[in-house]
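A short worksheet on the structure shown next.
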Amino acid sequence: MISVFLLQWQRLRRAPILVLSFLGLTILFVSVLAGFGGPNSQFTIYTYGDPTLEEENRDKWLDRLNEEGNLTFHWVEESEAVEAVTSRSAGMALKLMNDDYQILIAVQDPSSVMIENYVYQVFSEELRLQEVASHVNADEFYSNLDKVMSDPTMKVTTESLSGEESSYAFDERLHFLFGMTLFFSIYTMMYSLMNVAEEKRVGTWDRLIVSPLYKWQVYTGHLLYSFLIGMIQIVVAFLFFQVVFGFDLGERYGTLLLVIGCFAFAIVSLGMLVMGLVKRSQQMQAVIPILATAMAMLGGAYWPIEVVSNEIMLALSKGMPIYYGLDALKGAAIYNMGMPELLQPISIMLLFGVVCMGIGINLMERRA
Amino acid sequence: MLETEELKKVFKGKPAVDGVNLYMDEGESVGLLGPNGAGKSTTISMISSLIKPTSGDVKLKGQSVLKDPGIIRNVLGVVPQEIALYEELTAYENLKFFGRIYGLKGKELDLKIQEVLEIVGLRDRQKDIVKTYSGGMQRRINMAAAMLHEPELLIMDEPTVGIDPQSRTHILDTVRHLNQEKGLTVLYTSHYMEEVERLCDRVYIMDHGQVIASGTKDELKSILSGEETILIDLDRPYPALVTDLQSHEGIRQALETTKGLKLIVPKGSKLLGSIFQIAERHQAQILNVNVQVPTLEDVFLHLTGRKLRD
């Protein structure tokens, strides 16, 4: 087994391009999507006005909206805003009216949801106050309001399990890091498993089978290599982004490693199942990209599964190991969850792996 | 040393090997002869424990290989038909890996590697990547990988397919040396008759999954002891002449060859005179005439011709 395992590393040393390219793609994609943005990304929203919008109201709304430090509502002409959204140089634009607003949006993403919520919150709060002020002495009302707000009777604080304010802890940067890394690791693991199919094609497999080695030793040597190369790729990508870009992966490194291991096991097993189902290595080459992309899309690697509302898509996502991998990685890194809380996704990945491995090896042996 | 008992393998309802019985004594060189699809590779796959027979058994020194494949795997070396090597690695790295799986290590392994590289004549190219080798050199390394652990039994499945004459001669000489000087038992399959004739003490001829003849080379040739072969070289093809000769009552077989004609006639039939007359009638220009004693190829043609084509 050790000989077969070491041989795969020797072969990798001679032909490292494939594995290095997938690691490179992971770094490239995560860097572009999340790495350069920095932990506190600034969003600039092009803002323009309705012809009826009064100058006084415009200034008032802009002041209120710009109170949030991470968001900048930048005043432009309508044509410029529309052009920016149409050409996708801006994801969205805000149209202000005297007592209402409209959002012009090109692509719905997690940041646009966040901005929409913020604008809605500002407008509903301000209009509610205006409504009350219209029935009383406005100056007196606003003066009392400032006084009360500076020393409230009751202060409500919302805290998450991690002790931080606000229960919504979506971290776009970590999402892209986890999603893209797991996605590209699928390619590496499955393509490395193709060594088995290749050995069967060229005849070295038969040579090993008629040697004193047991068949399980030959399989284990290959599977262990694919498993480890996948794990190493994921760990290297995580470390790179933590060290170079300052991504905060939390402190539960042991749990993260365990989750990565379970995910790698599930993918290697899935690879064995695919190899058992296809007849030739060329078919496997065609199936891998389709499978990896479909799993990543359905499992929430490209966008958070929370933005998906379609029931069928949500049901399908539950059959993807990447869904549980992302869930467990986010749980450990963002919510500081330990083993007991992550038992469910970890168990599902292990179960998935055991079932796929069993069926896959059975199919391959039956064909042999 | 080794025997098969009614060995049978059925693929999708069709028998690839159908009741093959063969035996090999220690130090013997046995040939398995047959055309493509005769069942030679399937037979050796069952003997080497690579595939399980549908029925029958393989016995090594009286013990069933079917019950315990381990007994043959430790003493067996297999040279497969394909180049079963890791082409991105060097010859040395390939041999090191195959040596390790047979439990060789350290200086002993290194010594063995140099020994087999010397035998196959590629010691000076051992650090080269296998895919840079010629087909013949790859086949020689393919063979070296099977000899590292000093097997008692070497099974070679058409080891000279598609290689240059120099490498072919080298491989044949090596097999001969290993068998005659070192007493290695060899099972050699091929569809090149002259290779089997040159290397093997006894021969099994297979066709359609069955052994259709077996024995020493002389025993097999005695099947044709009543016949002789006349080879006639002509300046160009004469199809009408072949037809005429085929209908001649004294000629058993008349075949067109690349150079001219091949005739199988009863021994001492003194037909040359009438053959020349027929050739003259067709205005055929005879360039050369050669009367041969039967070869294994003639035996094979005779056997399969009678069984398949008549």
Side-chain angles (χ1 to χ4, degrees), chain A residues 1-21 191-226 229 279-282 361-368, chain B residues 11 41 44-52 58 65 68-90 92-105 109 129-132 138-139 141-143 145-146 148-149 151 153-155 157-158:
Chain A
M1 184 196 87
I2 300 293
S3 303
V4 177
F5 174 71
L6 292 176
L7 177 81
Q8 307 315 313
W9 291 101
Q10 204 170 12
R11 295 177 74 186
L12 172 69
R13 197 162 55 88
R14 283 283 150 74
I17 300 297
L18 193 73
V19 172
L20 289 180
S21 62
Y191 276 123
S192 68
L193 262 184
M194 274 181 55
N195 282 353
V196 176
E198 196 57 18
E199 287 215 30
K200 288 192 172 183
R201 191 183 65 79
V202 300
T204 45
W205 183 266
D206 288 349
R207 201 160 211 165
L208 299 181
I209 297 305
V210 298
S211 77
L213 286 180
Y214 291 105
K215 206 177 262 185
W216 69 263
Q217 291 177 307
V218 183
Y219 272 121
T220 311
H222 276 283
L223 295 175
L224 196 60
Y225 163 74
S226 298
I229 195 80
K279 284 183 181 166
R280 287 187 294 274
S281 55
Q282 291 95 324
I361 290 183
N362 202 286
L363 285 173
M364 285 179 75
E365 283 306 295
R366 204 176 285 184
R367 192 180 304 146
Chain B
F11 291 118
S41 294
I44 60 168
S45 292
M46 287 189 282
I47 291 173
S48 61
S49 78
L50 183 63
I51 58 172
K52 280 187 179 172
V58 179
V65 171
D68 181 12
I71 60 167
I72 198 164
R73 289 177 181 177
N74 284 310
V75 298
L76 176 70
V78 178
V79 183
Q81 202 175 109
E82 59 273 20
I83 311 287
L85 298 168
Y86 301 100
E87 60 169 19
E88 67 272 42
L89 303 184
T90 64
Y92 178 82
E93 288 166 339
N94 266 284
L95 294 176
K96 196 166 186 179
F97 168 70
F98 287 115
R100 271 186 188 150
I101 65 174
Y102 281 92
L104 298 170
K105 52 189 166 187
L109 173 59
I129 304 283
V130 167
K131 68 177 161 199
T132 64
Q138 288 181 347
R139 287 225 170 257
I141 296 295
N142 205 28
M143 187 174 158
L148 271 169
H149 59 292
L153 169 63
L154 188 66
I155 296 180
D157 188 5
E158 306 201 13

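Below, chains carry the letters A, B, ... as their sequence lines are ordered, and counting in each starts from 1.
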task = Check whether A:E199 gets within reach of chain B through its side chain, its backbone, both or neither, counting any heavy atom under 4.5 Å.
result = side chain
Under 4.5 Å from a heavy atom of chain A, the part of B:I72 involved = neither
B:N142, part contacting chain A, at a heavy-atom distance under 4.5 Å = both
query = Angle class for the B:Y102/B:H149 ring planes (parallel below 30°, perpendicular above 60°, tilted otherwise)?
reply = parallel
task = For residues B:L104 and B:F98, determine if any side-chain heavy atom of one lies less than 4.5 Å from a side-chain heavy atom of the other.
result = no
task = Any pair with a residue in residues 70-88 of chain B that passes salt bridge (charged side-chain N to carboxylate O under 4.0 Å, His left out), sequence neighbours left out, goes on the list, sorted by first then second residue, please.
result = A:R11-B:E88
note = Max heavy-atom pairs within cutoff under 4.5 Å with chain B, candidates A:V210, A:L213, A:I209, A:V202, goes to A:V210
ask   = How would you list, by chain and number, every residue that makes a side-chain hydrogen bond (donor to acceptor under 3.5 Å, both in side chains) with A:S226, sequence neighbours excluded?
value = A:S192
